[in-house]
Amino acid sequence: MIMVLVLITLVAGIATGVAVGIHAHRPQVPTPASSTSSAANSSSTSLASPTSPVPSAPPGSPPQSIPATLTTAFPNSSWIWMGAQALVEAPAGDWAFRISLPTSPAPATTAIVLLTVDDHFVLYHNGQLVANSTDLRLYWKFAPAFLVSLDPGSNMFAIRATNAGPSIAGLIASIQISYADGSTTTIASDSTWRVTQPVPDGFESPSFDDSQWVPATVLAKYGEKPWLDAVELPSDVYTGI
């Protein structure tokens with residue numbers, strides 16, 4: 001009788017151990033919540049850094065074509081700098097330029113700035129950064145166009161222009177302003193622009209006093225030596241600025 005009980009006990013123990021072993025090695029199936037979390041992590045994207053190139057159009061939107069009136073007006077612009085010596089050789093360094101936009105009975109809404117500098121530029125509107133040609137990896141032989149939303153009241157563009165020289169230096173620009181009544185007007189780089197050097201702190205602010213700056217020197221009309229017509233114009237405008 002004792003032997004029978006021992007045998008029953010041993011068989012029961014072995015059966016229990018086998019059952020425990022089977023349960024312990026059952027594969028774990030991921031829960032739906034775990035699967036959703038993994039998918040979300042794998043599809044996440046990081047935002048562009050402030051130094052990333054300005055996109056030519058918002059994601060998913062078609063690029064905006066540059067107005068033909070602006071590209072037609074660009075040859076009426078002049079290459080400008082501070083002093084005629086820049087047409088021969090300007091030292092390496094930075095210069096500050098400013099231009100205030102004309103007022104109109106109709107509120108100004110947007111401006112498209114078509115601009116290049118031999119060699120580099122940083123463009124500001126009413127103290128806010130619009131674009132940096134170095135960040136955009138632009139060469140002076142290409143003039144990009146930037147669509148800028150204007151403020152109610154006065155509007156001013158400021159430019160830090162860099163000559164990598166010593167070499168010839170110049171800035172050329174054309175700005176088309178659009179008004180709420182549907183009208184437009186275009187201003188060109190000329191002697192009405194103001195310039196100074198060295199670049200003072202806060203020069204990009206609308207409240208900065210530039211009364212001691214000098215009128216820009218006209219070096220050459222577009223198409224004249226030494227730049228000739230080497231500047232390539234864009235087909236699209238950088239938007240979302």
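Model, not experiment: these values are computed from the prediction.
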Check the pair Ile159 / Leu171 against side chain to side chain contact (heavy atoms under 4.5 Å, CB included), numbers first and verdict last.
CA-CA 10 Å; Ile159 301 166; Leu171 176 157; 3.8 Å; yes

Is it the case that the side chain of [X] and the backbone of [Y] share a donor-acceptor pair, with hydrogens and angles ignored and the cut-off at 3.5 Å?
X	Y	result
Trp193	Ala188	yes
Ser183	Tyr179	no
Arg98	Phe208	yes
Thr71	Ala68	yes
Gln128	His125	no
Arg194	Ser211	yes

I want to check something: taking the side chain as every heavy atom from C-beta on, are [X] and [Y] in contact at a cut-off of under 4.5 Å?
X	Y	value
Leu150	Thr109	no
Ile172	Tyr222	yes
Leu70	Ser174	yes
Trp95	Asn163	yes

Strictly under 6.0 Å, is that where the ring centroids of Tyr238 and Phe146 end up?
yes

Do Asp119 and Thr162 have a side chain donor and acceptor closer than 3.5 Å?
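Not at all, the side chains of Asp119 and Thr162 share no donor-acceptor pair under 3.5 Å.
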
Using only heavy-atom distances, determine whether the side chains of Thr69 and Gln176 contain a donor-acceptor pair under 3.5 Å.
yes

By the definition side-chain contact (heavy atoms from CB on, under 4.5 Å), identify the one residue from Asn126, Asp210, Asp151, Ile99 that meets it with Met156.
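Going through the options one by one, the only one that passes is Asn126.
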
Might you point out which heavy atoms bring [X] and [Y] nearest each other, and give the distance in Å?
X	Y	answer
Leu147	Ile112	CD1-CG1, 3.7 Å
Ile168	Pro226	CD1-CG, 3.8 Å
Ala108	Ile177	CB-CG2, 4.0 Å
Val195	Trp213	O-CB, 3.4 Å
Ala111	Ile175	CB-CG2, 4.1 Å
Pro215	Ser191	CB-O, 3.4 Å

Roughly how far, to the nearest 0.5 Å, is [atom2] of [Y] from [atom1] of [X]?
X	Y	atom1	atom2	value
Asp118	Ser167	CG	OG	6.0 Å
Gln197	Phe97	CD	CZ	10.0 Å
Ser189	Leu115	OG	CG	8.5 Å
Leu114	Thr186	CG	OG1	10.0 Å
Phe157	Ser100	CZ	OG	10.5 Å
Lys141	Asp229	NZ	CG	10.5 Å

Verify the neighbour count for atom CG of Asp181: are there more than 12 heavy atoms of other residues, nucleotides or ligands below 6.0 Å?
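Yes, CG of Asp181 has more than 12 neighbouring heavy atoms, counting only those of other groups under 6.0 Å.
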
Atom pairs and distances, donor-acceptor, side-chain atoms in residues 76-93, under 3.5 Å, two or more places apart:
{"residue": "Ser77", "atom": "OG", "partner": "Phe74", "partner atom": "O", "Å": "3.2"}
{"residue": "Ser77", "atom": "OG", "partner": "Ala173", "partner atom": "O", "Å": "2.8"}

Evaluate the criterion side chain to side chain contact (heavy atoms under 4.5 Å, CB included) for residue pair Ile66 and Leu233; output intermediate values, then yes/no.
CA-CA 9 Å; Ile66 189 169; Leu233 301 184; 5.9 Å; no

